[in-house]
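One structure is given here, and the rest of the page talks about it.
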Amino acid sequence: MDMFAEVKGLVLSAIERLVAEGRLPRGLDLGGVTVEPPRDPAHGDMATNAAMVLSRPARKGPREIAEALAEALAGAPGLTSVEVAGPGFLNLRLDPARWFALLPDILARGPDCGRSTLGQGRRVNVEFVSANPTGPLHVGHTRGAVFGDALAGLLDFAGYEVTREYYINDGGAQVDVLARSAFERYREACGLEPEIAEGLYPGDYLIPVGAALREKYGDSLTDLPESAWLGEVREFATAAMMDLVREDLALLGIEMDRFFSEKSLYGTGQIEAALAALEAKDLIYEGVLEAPRGKTPEDWEAREQTLFRSTAYGDDIDRPVKKSDGGWTYFAPDIAYHYNKVERGYDELIDVLGADHGGYVKRMKAAVAALSDGRVPLDCKLCQLVKLTRDGEPFKMSKRSGNFVTLRDVLDLVGRDVTRFVMLTRKNDAPLEFDFGKVLEQSKENPVFYVQYAHARAFSVLTRAAEAGFATGDSDLAAVDLSPLGTAGELRLARALGEWPRQVEVAASNHEPHRIAFYLYELASEFHSLQHQGKLDPDMRFLREDAPETTRARLALVRATAVVISAGLGILGVTPMNEMR
RNA sequence: GGAUUGGUAGCUCAGUUGGAUAGAGCACUUGACUACGAAUCAAGGGGUCGGGGGUUCGAAUCCUCCCCAGUCCGCCA
């Protein structure tokens with residue numbers, strides 16, 4: 001039950017009445033009409049911009065329309081006051097009972113409260129992580145992983161049908177490097193001296209791969225030329241790395257619905273088919289690119305290449321799909337992969353990428369637009385860098401990998417829930433500072449703690465209530481008489497709860513899971529505030545033995561708060577805590 | 001040189017797709033507990049929303065030009 005949607009319905013029908021009475025022209029576009037909480041709570045529960053939006057098309061002054069609307073809305077169920085304000089806002093006040101009436105619904109729906117039908121079952125593919133299968137995941141991947149998984153969870157919650165997908169880059173030169181690196185570890189396992197040349201992967205994580213290779217092949221590969229073992233070792237090592245990646249993801253609580261292999265696109269005609277589809281639209285041609293201005297590579301020479309006409313879709317230059325040796329550039333299989341996703345019938349595609357892929361967005365959007373005839377939108381979410389610090393000082397650690405901080409390092413230090421929540425307390429396109437000291441701090445400054453603490457406090461209240469003999473089951477509380485509720489603090493908290501469905505929809509439609517984290521912080525703040533009032537005034541305490549009706553009503557409010565916090569954390573993939581330690 | 005993401009209080013950051021007097025935490029100044037955990041709450045000071053121009057009833061938000069920072073820039077993916 002979304003109170004804002006409900007009141008918006010009242011506003012729209014009031015507008016229709018004015019149209020029917022001839023006081024507003026027909027055929028108005030009502031798309032811009034919003035009903036939102038006003039910035040300043042003193043302005044009331046909700047405000048609508050309807051009069052201002054309609055002013056121009058209706059050719060009437062906004063105040064004039066507002067007056068008429070106020071008249072039409074007067075006496076609508078649940079509205080206690082309608083006032084014209086400022087340039088033409090309508091400030092609306094609701095009967096407080098309307099806000100409290102949301103509680104039984106929240107309690108009845110439990111973890112599903114706030115679920116939306118916004119997506120209407122549209123199919124969305126969220127591709128994220130997609131790290132090269134050449135080693136364990138590091139911090140940068142971790143942010144993308146958490147973001148992608150939370151976004152997927154959010155979209156699912158908002159009524160989309162979501163696929164979580166990982167694109168395995170197992171078709172390029174980097175997996176050959178992996179194979180050579182693993183081969184040195186294999187030689188090491190055979191008692192030979194490994195030669196980890198410049199450019200190979202030096203990390204310890206390949207040592208067990210080398211040992212496993214020896215177990216499988218004995219010493220038989222040591223004297224063979226590279227051409228004899230490269231393919232098999234590559235396959236073996238890639239599989240081992242993907243096992244590692246899956247384990248890392250599992251530690252974060254992430255389960256992919258599908259792993260898609262780049263290699264599977266080669267030799268199966270899929271790349272050719274994708275490019276043929278583009279060629280049929282006259283978007284592929286042989287041409288010569290100009291050297292980039294201002295920064296011409298020294299070995300630059302103009303050459304004819306096979307190019308994709310991405311400029312037709314807003315890119316700055318056309319992009320090569322073939323290398324000079326005739327092989328595909330990485331862009332070609334990427335086109336084929338996205339073609340595959342389009343062909344699988346998704347209504348929307350989302351790519352979660354690292355900031356270093358920023359330059360790649362336009363051409364990929366161009367390709368998807370071309371391949372789907374503009375039917376399938378592609379949203380590329382770039383996750384900026386994570387800056388690791390400890391108590392403000394730069395943090396460096398490299399026990400497993402050789403030169404980077406791994407996902408496991410982070411999880412070992414702070415745990416899954418903290419990692420996930422903190423990574424979501426910043427919007428994806430802003431850099432994130434991750435301070436190992438601060439994220440574990442038990443204080444208000446740390447949003448993870450603050451939100452978890454609110455949940456734990458609510459849980460504690462309910463536990464004590466149960467000990468005192470109150471029925472605290474959700475169905476018991478859903479049936480409670482809520483009329484004792486009505487203090488300013490209770491109303492504020494109930495309003496905050498009433499905003500939950502709206503927050504879900506705004507976050508989902510913007511692909512911004514961080515909004516959920518910020519909302520939870522605000523909700524927690526209202527709850528902490530209310531709880532504290534009980535310290536100052538015994539009458540305000542949740543548990544009042546002298547007033548069981550009031551207590552029961554307040555318990556419903558407390559429980560509803562815990563339910564919403566829990567639902568929100570669920571979207572973010574964070575486990576709510578019942579007690580802090 | 002170009003692309004891209006940022007620039008909001010001393011610091012770290014939000015800002016409901018263009019709304020009213022721009023918000024929160026930290027820090028600073030005050031005040032409130034002998035436990036429904038004060039691990040918290042309440043109050044106060046603090047701003048040219050990087051800068052200039054434009055669009056309109058109205059701009060932190062949209063357009064344009066500058067300044068600063070991160071990321072990237074044909075045969076790596």
Please work out if A/Ala85 contacts a base, only the sugar-phosphate, or nothing of the nucleic acid, heavy-atom cut-off 4.0 Å. base
First encountered from the 5' end of RNA chain B, between A/Ala456 and A/Ser525: A/Ala456
If the P atom of B/A59 is compared with that of B/G2, how far apart are they to the nearest Å? 31 Å
Atom CZ of A/Arg363 and atom P of B/U4: how far apart are they, to the nearest Å? 12 Å
Applying side-chain hydrogen bond (donor to acceptor under 3.5 Å, both in side chains) to A/Glu445 and A/Ser443, what does each step give before you reach the verdict? CA-CA 5 Å; A/Glu445 193 178 351; A/Ser443 78; 4.6 Å; no
Using the C1' atom as the reference point in each nucleotide, state the distance between B/G50 and B/U61 in Å, no decimals. 15 Å
Answer for the Watson-Crick or wobble partner of B/G47, both distances under 3.5 Å, is none
On a whole-Å scale, what distance lies between the C1' atoms belonging to B/G15 and B/G23? 7 Å
Select one nucleotide: of B/C75, B/C57, B/U40, the one nearest the side-chain heavy atoms of A/Arg56. B/C57
For the student: nearest non-hydrogen atoms of A/Thr238 and A/Val175, plus distance: OG1-CG1, 3.9 Å
Touch check for A/Phe331, heavy atoms < 4.0 angstrom, all strands: base, sugar-phosphate only, or nothing? nothing
Touch class at under 4.0 angstrom, heavy-atom based, for A/Asn91 against every strand present: base
Given the C1' atoms of B/A60 and B/G18, what is the spacing between them in whole Å? 11 Å
Looking at the rings of A/Phe527 and A/Phe542, which for Trp means the six-membered one, are their centres under 6.0 Å apart? yes
Taking the cut-offs as 6.0 angstrom to the six-membered ring centre and 45 degrees off its axis, would you call A/Arg309 and A/Tyr285 a cation-pi pair? yes
If you take all heavy atoms of A/Ala50 and A/Val33, which pair is closest and at what distance? CB-CG1, 3.9 Å
Name the pairing partner of B/C72, where a pair is Watson-Crick or G-U wobble with both distances under 3.5 Å, or state none. B/G2
Does the protein touch nucleotides 22-36 of chain B at the base, only the backbone, or not at all? Give it as B, S and - per nucleotide, heavy atoms under 4.0 Å. --SSS-----B--SB
Ring centroids only, cut at 6.0 angstrom: are A/Tyr337 and A/Phe260 within range, meaning strictly under it? yes
Under 4.0 angstrom, heavy atoms only, what part of the nucleic acid is A/Asp325 near: base, sugar-phosphate, or nothing? nothing
Opposite nucleotide pairing with B/U17, Watson-Crick or G-U, both atom distances under 3.5 Å: none
Respond yes when some side-chain nitrogen or oxygen of A/Lys362 is under 4.0 Å from OP1 or OP2 of B/U4, and no when none is. yes
Counting only side-chain heavy atoms from C-beta out, which of B/A20, B/U17, B/U71 sits nearest to A/Thr34? B/U17
P gap between B/A27 and B/G52, integer Å: 33 Å
When every non-hydrogen atom of A/Pro484 is compared with those of A/Glu549, the smallest separation belongs to CG-O, 3.8 Å
Nucleotide of B/A20, B/U17, B/A42 approaching A/Ser529 most closely (side-chain heavy atoms): B/A42
Rounded to whole Å, how long is the line connecting atom CH2 of A/Trp328 with atom C1' of B/G74? 17 Å
Check: A/His528 ring centroid to A/Tyr453 ring centroid under 6.0 Å: yes
A/Met364 atom CE is separated from B/U4 atom P, nearest whole Å, by 17 Å
Want to settle it: does A/Pro37 or A/Ala47 sit nearer the 5' end of RNA chain B, counting the closest nucleotide to each? A/Pro37
Across all strands, who's sitting opposite B/G25 as a Watson-Crick or G-U wobble pair, both distances under 3.5 Å? B/C11
Among B/U71, B/A3, B/U40, the one nearest any side-chain atom of A/Asp356 is B/U71
Given atom CD of A/Glu505 and atom P of B/U17, what is their separation to the nearest angstrom? 13 Å
Using whole Å, report how far CG of A/Leu54 lies from C1' of B/G19. 15 Å
Between B/A77 and B/A14, how far apart are the two P atoms, rounded to whole Å? 35 Å
Using side-chain hydrogen bond (donor to acceptor under 3.5 Å, both in side chains) as the criterion, list what pairs up with A/Thr389, not counting sequence neighbours. A/Glu433, A/Asp435
NE2 of A/His455 versus P of B/U40: gap in Å, rounded? 18 Å
Scan A/Pro62 against the nucleic acid and name what it touches under 4.0 Å (heavy atoms): base, sugar-phosphate only, or nothing. nothing
Side-chain donor/acceptor of A/Asn510 to base of B/U17, under 3.5 Å: yes
Heavy atoms of A/Ala517 and A/Leu424 approach each other most closely as CB-O, 3.6 Å
With P as the reference atom in both, quote the distance from B/U5 to B/A20 in angstrom, rounded to an integer. 26 Å
Just by distance, no angles: are the side chains of A/Asp334 and A/Tyr360 close enough, under 3.5 Å, to form a donor-acceptor pair? yes
Assign a letter to each nucleotide of nucleotides 5-14 of chain B from its 5' end: B, base within under 4.0 Å of a protein heavy atom; S, sugar-phosphate only; -, no contact. SS-----SSS
Between A/His357 (NE2) and B/G70 (C1'), how many Å, whole number? 17 Å
Using a strict cut-off of less than 4.0 Å between a Lys/Arg side-chain nitrogen and an Asp/Glu carboxylate oxygen, indicate whether A/Asp351 and A/Lys341 qualify as a salt bridge. yes
For A/Ile317 and B/C72, give me the distance from atom CD1 to atom P, rounded to whole Å. 17 Å
Nearest to the side chain of A/Val506, heavy atoms from C-beta on, is which of B/C75, B/U16, B/A20? B/U16
What interatomic distance, in whole Å, is found between C1' of B/A24 and the corresponding atom of B/A43? 16 Å
Looking at the angle O4'-C1'-N9-C4 for a purine or O4'-C1'-N1-C2 for a pyrimidine, is B/U17 syn or anti, with syn meaning within 90° of 0? syn
For atom CD of A/Glu545, decide whether the heavy atoms of other residues, nucleotides or ligands shown that lie under 6.0 angstrom number more than 12. no
